[in-house]
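For ligands, and for the atoms within them, numbers begin at 1 and follow the listed sequence. On a predicted model such as this, the values are computed, not experimentally measured, just so you know.
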Amino acid sequence: MIIAMKPAASLREITAVIARLEDLGVTPTVSKNEDATIIGIVGGRKGLELAPVAQMPGVAQFVETQSPFKRVSRDYHPEDTVVRAGPLTLGGGGFAVVAGPCAIESEQQIQDVAARVKALGATGLRGGAFKPRSSPYSFQGMGEEGLKFMQRAGKAHGLATVSEVMNVRQIEIMVRYIDVLQVGARNMQNFDLLKELGGAGKPVMLKRGLSATIEELLLAAEYIINSGNPNVILCERGIRTFETETRNTLDISAVPLCKQLSHLPIIIDPSHAAGRRDLIKPLTLAGIAAGADGAIIEVHPCPDKAFSDGKQSLTYEQFGQVMAGVAPLVEAMRGAKS
Ligand code: PEP
Ligand code: MN
């Protein structure tokens with residue numbers, strides 16, 4: 001249930017409504033957007049008990065909502081949320097591309113990739129320093145040293161940096177070096193991590209879990225927002241299905257669905273969805289057509305020598321071909337919307 005206050009409602013009227021709700025034993029959550037205050041009742045009681053609240057000064061209307069999530073919901077926040085990190089803007093109409101290697105492998109590698117993807121139109125630089133690998137014997141990432149390389153590369157080339165935080169203990173070090181903290185698919189329901197990221201002071205890119213429903217993804221985002229961080233970017237990175245030709249199945253319907261249900265920006269990760277480089281361009285274009293706010297794409301100076309995810313990583317030339325397809329489609333979509 002949502003109580004929309006009139007745009008002109010005074011602070012006193014809002015406070016009175018909140019106090020009344022608390023008296024009734026419900027826990028109100030208050031969200032303010034540019035033109036109104038919205039009071040959500042989490043786990044609230046419906047019907048007659050609340051009827052007198054509807055008569056209180058300043059109340060515009062009661063809206064019944066079936067949605068299990070509150071703050072991520074469009075009902076609570078009708079306008080698109082725009083998340084900004086330096087040159088990277090996600091949400092509000094454009095299409096931003098974050099590109100880079102799966103893992104930071106050396107300073108030279110990340111500097112080289114940064115220069116090339118920037119020249120081809122990326123505004124964000126990706127690269128993992130802490131890698132969630134299926135095998136404990138696989139390369140686990142360069143750790144703090146890698147983060148330093150990443151920070152220098154981002155600064156040198158004017159790119160926002162995006163890197164994965166795997167646990168609560170890493171948050172402190174990540175915020176020191178990185179602009180956007182990525183929560184990986186395997187951690188989407190690490191609720192302690194999500195809650196701690198509420199206080200991180202940096203935007204969070206939340207990847208959909210390998211077998212998570214859209215509702216679970218949005219509830220995971222709700223944890224971060226509830227803990228105080230409104231700057232959440234959703235990421236559809238493919239889900240596990242019976243199909244074996246691709247590493248995962250890009251659930252393209254997640255894009256328009258999340259847009260309908262939530263005000264948060266959503267990007268796609270065609271690299272981890274497909275697991276193969278020949279599908280990156282068509283999937284990226286499909287993401288644009290479906291209304292995504294951006295894409296995160298793996299690019300490597302020499303994919304065949306990559307420490308991880310080489311099969312899905314693009315060469316600079318291939319990334320250039322993707323970007324050549326992106327610009328005209330973004331333009332065409334702009335025309336289609338207006
Ligand atoms: C990654 O982005 O490198 C990664 C490990 O992604 P995911 O969590 O989606 O598997
Ligand atoms: Mn990867």
Side-chain angles (χ1 to χ4, degrees), residues 88 90 97-105 109-110 113 117 122 124-136 138-143 146-147 150 160-167 170 174 178-190 193-194 197 203-212 214 216-217 220-221 224 232-241 246-251 254-255 258 266-277 279-280 283-284 287 292 294-315 319:
L88 179 66
L90 290 160
V97 176
V98 176
C102 180
I104 304 154
E105 298 171 3
Q109 173 234 30
I110 196 73
V113 176
V117 300
L125 177 67
R126 64 148 291 147
F130 299 103
K131 295 303 300 174
R133 305 304 302 280
S134 299
S135 164
S138 302
F139 175 61
Q140 303 286 307
M142 293 192 75
L147 295 177
M150 180 86 165
T161 52
V162 181
S163 195
E164 177 165 353
V165 56
M166 291 221 302
N167 60 54
Q170 288 168 358
M174 293 295 297
I178 299 300
D179 302 316
V180 177
L181 309 186
Q182 174 177 324
V183 174
R186 290 152 196 82
N187 259 325
M188 189 203 82
Q189 285 189 315
N190 179 340
L193 177 61
L194 302 178
L197 287 169
V204 174
M205 185 208 289
L206 178 65
K207 288 191 151 197
R208 183 176 179 184
L210 276 72
S211 43
I214 289 170
E216 287 164 341
L217 170 66
I224 303 170
V232 179
I233 304 141
L234 306 170
C235 179
E236 163 56 44
R237 49 77 74 202
I239 49 175
R240 283 223 163 141
T241 69
T246 50
R247 183 173 174 182
N248 293 288
T249 296
L250 183 73
D251 179 8
V255 174
C258 285
I266 178 162
I267 65 170
I268 60 156
D269 176 345
S271 308
H272 291 87
R276 45 191 279 181
R277 64 180 74 105
L279 298 184
I280 307 304
L283 292 184
T284 303
I296 180 162
I297 299 176
E298 287 186 340
V299 178
H300 194 279
C302 184
D304 292 340
K305 295 206 175 123
F307 292 1
S308 58
D309 287 350
K311 275 204 274 187
Q312 67 200 34
S313 299
L314 300 181
T315 62
F319 180 65

Check your understanding: Is there side-chain contact between Leu147 and Ile178, with heavy atoms separated by less than 4.5 Å?
Key -> yes

Check your understanding: Does one side chain, of Arg247 or Gln312, offer a donor that lies under 3.5 Å from an acceptor on the other?
Key -> yes

Check your understanding: Is the closest N or O pair between Ala185 and ligand 1 shorter than 3.5 Å?
Key -> yes

Practice item. Salt-bridge test for Arg126 and Glu298: reply yes if a basic N is under 4.0 Å from a carboxylate O, no otherwise. Key: yes

Check your understanding: At what distance, to the nearest 0.5 angstrom, does CD of Gln182 lie from CE of Met166?
Key -> 11.5 Å

Check your understanding: Do side-chain atoms of Arg208 reach the backbone of Glu236 as a donor and acceptor pair under 3.5 angstrom?
Key -> no

**Study point:** Lys131: numbered ligand 1 atoms lying under 4.0 Å from its heavy atoms
**Key:** 1 (C), 3 (O)

Revision key, fill the gap. Ligand 1 atoms nearer than 4.0 angstrom to some heavy atom of Glu298 are 3 (O)

Review point. Where is the nearest protein heavy atom to atom 9 (O) of ligand 1: which residue, which atom, and how far?
Key: Arg237 NE, 2.6 Å

Check your understanding: Do you see a donor-acceptor pair shorter than 3.5 Å between the side chains of His300 and Asp309?
Key -> no

Check your understanding: Nearest protein heavy atom to atom 4 (C) of ligand 1, by residue and atom, and its distance?
Key -> His272 NE2, 3.4 Å

Review point. Based purely on interatomic distance, does Lys207 place a nitrogen or oxygen under 3.5 Å from a nitrogen or oxygen of ligand 1?
Key: yes

Revision key, fill the gap. When Ile296, Val183, Val232, Leu181 are each screened for side-chain contact (heavy atoms from CB on, under 4.5 Å) with Met205, the one that passes is Ile296

Study note, to complete from the structure: For the Mn ion (ligand 2), angle spanned by Asp309 OD2 and His272 NE2 (nearest 10°) is 90°

Review point. What is the distance from atom CD1 of Ile239 to atom OG of Ser211, rounded to the nearest 0.5 Å?
Key: 8.5 Å

Check your understanding: Are any of the N/O atoms in Arg186 less than 3.5 Å from those in ligand 1?
Key -> yes

Review point. At a 4.0 Å threshold, what atoms of ligand 1 neighbour a non-hydrogen atom of Gly184?
Key: 8 (O)

Practice item. Measure from the Mn ion (ligand 2) to every N/O/S atom of Glu298 and report the name of the nearest one. Key: OE2

Review point. Does ligand 1 have any atom sitting under 4.0 Å from a heavy atom of Arg208?
Key: no

